[in-house]
Amino acid sequence: MNAVDIISDYVRFPSVSTDPAFSQGMAGAREFAAKLLADAGLRVETVQTPLHPILLGRRDGPASWPHIVLYGHYDVQPADPLALWTTPPFDPQIRNGRLYGRGAADNKGPHTIGILGLASLLRRRPDLPLRVTVLLEGEEEIGSPSFPGFLGKYKGELSKADFVLLSDTGSPSAKQIVVTTGLRGIVGLELRVKGPKVDLHSGLHGGAVFNPIQALADICASLHNADGSVNIPGFYDGVLPPAQWERDELRKFPLSEAAYRKFLGVNALYSQPGFTPLEAVRYGPTLEFNGIGGGYQGEGGKTVIPSEAFAKITCRLVPGQDASRVLKKLTAALKSRIPKGITAEIIVRQGNNPYHVIPSGRPGAPKNANPVLARAFDAVGSAIATAFGKPPLFLREGGSVPIIGDIKTETGLDSLMVGLFTPDSNLHAPNENLEIEIIERGMRAYELLLEKIATP
Ligand code: BES
Ligand code: MN
């Protein structure tokens with residue numbers, strides 16, 4: 001079977017990790033992935049966790065062989081809203097050179113590309129001196145709650161590996177691949193403000209109580225300054241500004257601000273001081289409102305003072321910031337801004353650290369870096385140049401893969417990330433897809449890279 005068919009069959013399993021109704025889809029995707037690993041000649045272990053099991057596929061060998069960890073996640077985001085899909089999310093189809101389906105890009109396609117690249121290499125060179133641990137988790141899309149417990153048990157083994165290799169980030173197109181050198185961290189919480197014990201008639205009581213929506217709006221509005229920067233004391237402490245080479249690298253990114261504006265459908269971009277909009281996404285921290293609610297949401301009007309209102313808030317963090325410290329500062333700021341007559345509840349959703357690696361050869365690269373990783377950073381340039389026709393750009397990314405920072409702190413392992421989805425891949429959205437050309441070229445790039453790592 002070819003790679004596109006294999007990925008299609010994988011996508012058929014609706015492995016939505018957030019919704020218990022999809023537990024069969026989770027199990028199906030897991031069994032499919034286990035077979036993929038076994039077919040690649042790996043020894044498969046399923047590690048039970050409190051929620052979704054983690055799959056390990058190992059190729060053992062002498063300690064003198066390089067040892068890489070290939071990471072991916074077999075869970076996907078919910079497919080809703082279903083009505084906006086051209087073809088059903090779990091019935092994958094090929095159109096205009098792309099494979100459509102939930103999980104095609106995030107992340108079943110990209111990690112399958114890595115596994116199939118490895119499998120093809122091992123068929124060609126059965127004696128290849130390379131140890132591999134493939135690690136596939138099923139909770140990435142819900143913030144990897146079981147991962148710290150797993151790491152606690154397996155960190156002895158994992159910390160002896162050389163580095164982590166993964167593809168769960170993006171590139172502008174098949175013509176310009178990006179090697180991702182940083183990920184933003186994320187903290188998330190929900191703020192619930194409460195006023196009167198029940199919804200009130202706004203004529204009978206309006207003027208006597210603080211309206212919870214007004215309180216919530218005041219608090220939310222207080223979280224940014226007029227220039228767009230975040231108004232939380234200490235929020236920017238430690239922020240690592242981009243190095244000159246990182247700004248230069250971004251200037252080679254094939255996207256103008258005008259094209260970006262058009263792509264997003266906005267009439268102006270909006271970013272905080274010190275960063276161009278394209279820089280702000282990759283190198284700057286943010287505070288965003290992801291959802292807000294309260295009061296009457298139905299047709300027509302209703303004269304009511306609602307009893308409560310809520311906002312869902314996340315911050316993206318950049319290297320140098322610490323998730324637990326930012327969470328403390330954000331929580332303290334929110335609490336100090338609750339007016340009299342209103343009480344608040346804060347529900348913390350997640351806290352994951354950012355991640356950053358300086359590739360070998362760039363200013364500031366650690367002198368004592370793991371030599372296998374340094375070799376891999378050198379090799380990835382030529383592997384991508386050969387497979388895709390152009391060398392990659394090395395850029396930090398705006399998205400988060402929550403466990404990559406934890407893996408670094410817990411095991412000392414750095415990550416080498418090859419971006420394989422594109423801006424039109426519609427991650428987390430209807431009509432998610434992956435370019436067929438990227439599937440084919442990506443496998444070749446993985447094969448070349450892994451071969452160079454094993455036999456420089
Ligand atoms: N693959 C994405 C991360 C990503 C998105 C990297 C866009 C680069 C560009 C990953 O599966 C994801 O969506 N992560 C979530 C994490 C969250 C649910 C804790 C994210 O970034 O929102
Ligand atoms: Mn992903």
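Position 1 is the first residue of the sequence, and the numbers go up from there. FYI, side chains are in, hydrogens and waters are out, and symmetry mates aren't considered; it's all heavy atoms of this structure.
Classification of the Phe150-Phe147 ring pair by plane angle, with boundaries at 30° and 60°, yields tilted.
Inter-residue side-chain proximity for Pro78 and Phe22 is flagged as unmet; no heavy-atom pair is nearer than 4.5 Å. The shortest side-chain heavy-atom distance between Arg282 and Phe275 does not fall under the 4.5 Å cut-off. When side chains are defined from C-beta on, Leu122 does not count as touching Leu450, because their heavy atoms never get closer than 4.5 Å. The closest side-chain heavy-atom distance from Gln176 to Phe253 is not below 4.5 Å. Between Glu140 and Ile403, the closest side-chain pair of non-hydrogen atoms is not below 4.5 Å. Two residues are said to be in side-chain contact when any heavy atoms from C-beta on lie closer than 4.5 Å; Arg58 and Leu42 fail this criterion. With a 4.5 Å cut-off on side-chain heavy atoms, Arg59 and Leu118 do not count as touching. Side-chain contact between Pro92 and Arg12 is present, with at least one heavy-atom pair separated by less than 4.5 Å.
Looking only at distances, a side-chain donor or acceptor of Arg102 sits under 3.5 Å from a matching main-chain atom of Ala429. Side chain of Ser120 to main chain of Leu116: no donor-acceptor pair is present (N/O by atom type, distance under 3.5 Å, no hydrogens or angles). In terms of modelled atom types and a separation under 3.5 Å, the side chain of Asn433 and the main chain of Asn431 share a donor-acceptor contact. Under the 3.5 Å distance criterion, the side-chain polar atoms of Glu141 are left unmatched by any main-chain donor or acceptor of Ser17. Judged purely by atom type and a 3.5 angstrom limit, Asn352 has no side-chain atom pairing as donor or acceptor with the backbone of Gly185. Judged by distance alone, with hydrogens and angles left aside, the side-chain atoms of Thr411 form no donor-acceptor pair with the main-chain N or O of Lys408 at under 3.5 Å. Looking only at distances, a side-chain donor or acceptor of Arg184 sits under 3.5 Å from a matching main-chain atom of Gly398. Put simply, the side chain of Tyr236 never gets that close to the backbone of Ser229: no donor and acceptor are under 3.5 Å apart. With hydrogens and angles ignored, the 3.5 Å screen pairs no side-chain donor or acceptor of Glu249 with any backbone N or O of Leu395. In this structure, the side chain of Arg131 engages the main chain of Ala63 through a donor-acceptor pair within 3.5 Å.
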side-chain contact (heavy atoms from CB on, under 4.5 Å) between Ile6 and Phe32, worked out: CA-CA 10 Å; Ile6 293 173; Phe32 185 91; 4.0 Å; yes
Could you walk me through whether Leu183 and Met417 pass side-chain contact (heavy atoms from CB on, under 4.5 Å), step by step? CA-CA 10 Å; Leu183 297 164; Met417 301 178 270; 3.7 Å; yes
What do the steps show when you test Arg337 against Asp218 for side-chain contact (heavy atoms from CB on, under 4.5 Å), and what is the final call? CA-CA 9 Å; Arg337 296 173 198 185; Asp218 285 349; over 6 Å; no
Worked check of side-chain contact (heavy atoms from CB on, under 4.5 Å) between Tyr260 and Val281: CA-CA 12 Å; Tyr260 188 30; Val281 170; 3.6 Å; yes
Check the pair Glu279 / Arg247 against salt bridge (Lys or Arg N to Asp or Glu O under 4.0 Å), numbers first and verdict last. CA-CA 8 Å; Glu279 286 174 348; Arg247 288 192 193 261; 2.7 Å; yes
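Side-chain polar atoms of Asp168 and His73 form a donor-acceptor pair below 3.5 angstrom. Donor-acceptor pairing under 3.5 Å is lacking for the side chains of Ser146 and His52. Between the side chains of Tyr446 and Ser167, at least one donor N or O sits under 3.5 Å from an acceptor N or O. Between the side chains of Tyr74 and Arg30, a donor-acceptor pair is found at a separation under 3.5 Å. With 3.5 Å as the limit, one finds a donor-acceptor pair spanning the side chains of Asp162 and Asn370. Side-chain contact, Thr169 with Glu397: no donor N or O sits under 3.5 Å from an acceptor N or O. Side-chain polar atoms of Asp378 and Ser360 form a donor-acceptor pair below 3.5 angstrom.
In this structure, Gln24 places its CD atom where only 12 or fewer heavy-atom neighbours from other residues, nucleotides or ligands lie under 6.0 Å away. Counting heavy atoms of neighbouring residues, nucleotides and ligands inside a 6.0 Å radius, atom NZ of Lys452 does not exceed 12 of them. Within a 6.0 Å radius of CZ in Arg444, no more than 12 heavy atoms belonging to other residues, nucleotides or ligands are found.
Taking both residues in full, the closest heavy atoms of Ala454 and Leu130 are given as CB-CB, 3.8 Å, listed atom of the first, atom of the second, then distance. Residues Gln272 and Gly284 share a closest heavy-atom pair of NE2-C, 4.4 Å. Phe235 approaches Thr286 most closely through the heavy-atom pair CZ-O, 3.7 Å. The shortest heavy-atom contact between Val76 and Gly103 is CG1-CA, 3.5 Å. Residues Leu278 and Leu255 come closest through the heavy atom pair CD1-O, 3.4 Å. Closest non-hydrogen pair, Gly109 versus Leu434, comes out as CA-CD2, 3.9 Å.
Ion pairing between Arg396 and Glu246 holds under the 4.0 Å rule for side-chain N and carboxylate O. Taking a cutoff of 4.0 Å between a charged side-chain nitrogen and a carboxylate oxygen, Glu451 and Arg124 qualify as a salt bridge. Asp237 and Arg325 are not joined by a salt bridge, as no carboxylate oxygen comes within less than 4.0 angstrom of a charged side-chain nitrogen.
The side-chain tip of Arg362 does not point at the ring of Phe377 from less than 6.0 angstrom away and within 45° of straight on. By the 6.0 Å and 45° rule, Lys108 stacks over the aromatic ring of Tyr10.
Leu317 contributes atom CG, which lies 10.0 Å from atom CG of Leu287 (distance to the nearest 0.5 angstrom). Residue Leu427 holds its CG atom at 4.0 Å from CG of Asp106, rounded to the nearest 0.5 Å. In this structure, OG1 in Thr133 is found 11.0 Å from CG in Leu37, a value given to the nearest 0.5 Å. A distance of 7.5 Å separates CD of Glu139 from CE of Met26, quoted to the nearest 0.5 Å. Between the CD1 atom of Ile338 and the OG1 atom of Thr343 there is a distance of 8.5 Å, given to the nearest 0.5 Å. Distance check: Glu190 CD to Thr314 OG1 gives 12.0 Å after rounding to the nearest 0.5 Å.
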